[in-house]
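First the structure, in the form of structure tokens, and then the observations on it.
First the proteins, then the strands, lettered A, B, ... as listed; each starts at 1. Computed over heavy atoms, backbone and side chain alike; hydrogens, waters and symmetry mates excluded. All values reported here derive from a predicted model rather than from experimental measurement.
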There are 2 protein chains.
Amino acid sequence: MHNGPMSVVQSLEPPVVDVCCTPSGTDVLDAAEAQKRALVFKAMGDPNRLRLLSIVRASAGGEACVCDLTEPLDLGQPTVSHHLKILVDAGLLDRDKRGTWAYYSLVPGALDRAAALLTAP
Amino acid sequence: MHNGPMSVVQSLEPPVVDVCCTPSGTDVLDAAEAQKRALVFKAMGDPNRLRLLSIVRASAGGEACVCDLTEPLDLGQPTVSHHLKILVDAGLLDRDKRGTWAYYSLVPGALDRAAALLTAP
DNA sequence: CGGGTATATCGATGGATGTCAATCTTGATG
DNA sequence: CATCAAGATTGACATCCATCGATATACCCG
């Protein structure tokens, strides 16, 4: 076991106050919530997926079909479909299949909500 | 090859206007910038690392040492050190070694800058 | 109905990643 | 100096993940 820097043992330049380093459970992320949030950030933790989001956002009408996303990323169509699915599962993209084509668009406010997870606890 | 939904071939309910689905290179993330940003989000794409950030932020004095982070995460000390290194490399945490202990703190503004990457292109 | 096209899904594969046990490094203590 | 503690590093290992080729699924058109 260990007794941390708040202990008097081995006190060179210890915490100024006694309660220095105890997180004192204010609002620490519990494991479940952390898992949920990690899913969103993990979805954005891939360069190609970030570019997908960027292209969709920059597209006229706010939507783009897979055929328009495959070429600029220099990836195979199955790979692009795979990335899109991850972004949809993360709640960042919406999928709308019209006829043969599938149109992807940003979920309104999703990116802002993700950003809010960082600025506000 | 393919010719996309803007082509007249197979036009069932095609894009309303001709230039519908061309991203028309407004401000699409280039590969290099995407890679850089992905690094930050990948660092946040792990539940334990999100909890580390949360605990550090909630700690008195805005800093916490490894010994205070190992227990609440129920992870081995080497694993926690590993995660902390990733967060430092991503520019999210600062490391300050004082004596035997290493104190980690949020890099001021880092989370806000990361959030800004999402709201503003 | 048969051919063609856009997308999704499946299976495989190489590389990245999270975790631990063991060890190394460094600083404090007696 | 010898010892001990905190933390970093290393090596190993299992798992996950990005990617591709092949195939399946809709859907449209003639």
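- Distance OH (A:Y103) to P (D:dC27): 15 Å, rounded to an integer number of Å.
- Applying the side-chain contact (heavy atoms from CB on, under 4.5 Å) criterion to A:D30, with sequence neighbours excluded, gives A:A32, A:E33.
- When rounded to the nearest whole Å, the span between CD of B:E63 and P of D:dA6 equals 17 Å.
- Contact annotation: B:R98 side-chain N/O to C:dG27 OP1/OP2 distance is not under 4.0 Å.
- The distance from atom CG of B:L84 to atom C1' of D:dA8 is 11 Å, rounded to the nearest whole Å.
- The CH2-C1' distance, from B:W101 to C:dT29, rounds to 12 Å in whole Å.
- Residue A:E71 contributes atom CD, which lies 13 Å from atom P of C:dT7 at whole-angstrom precision.
- Between B:Y104 and B:V56, the shortest heavy-atom contact is O-CG1, 3.5 Å.
- A:R57 has no carboxylate O lying under 4.0 Å from a charged side-chain N of A:E63, or vice versa, which leaves the two without a salt bridge.
- Look at B:R95 and you won't find any side-chain N or O under 4.0 angstrom from OP1 or OP2 of D:dG7.
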- Query: Along nucleotides 14-26 of chain D, 5' to 3', which nucleotides get a B, which get an S, and which get a -, given that the test is a protein heavy-atom distance under 4.0 Å?
  - Reply: ---SSBBBB----

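- With sequence neighbours excluded, the residues forming a side-chain contact (heavy atoms from CB on, under 4.5 Å) with B:I86 are B:A43, B:R49, B:H82, listed by chain and number.
- Judged by the 6.0 Å and 45° rule, B:R95 forms no cation-pi pair with B:Y103.
- Close to D:dA8, at under 4.0 Å from its OP1 or OP2, lies a side-chain N or O of B:Y104.
- We find the CG-CG distance between A:L53 and A:L111 to be 6.0 Å, quoted to the nearest 0.5 Å.
- Atom CG in B:L69 sits roughly 17 Å away from atom C1' in C:dT19 (whole-Å rounding).
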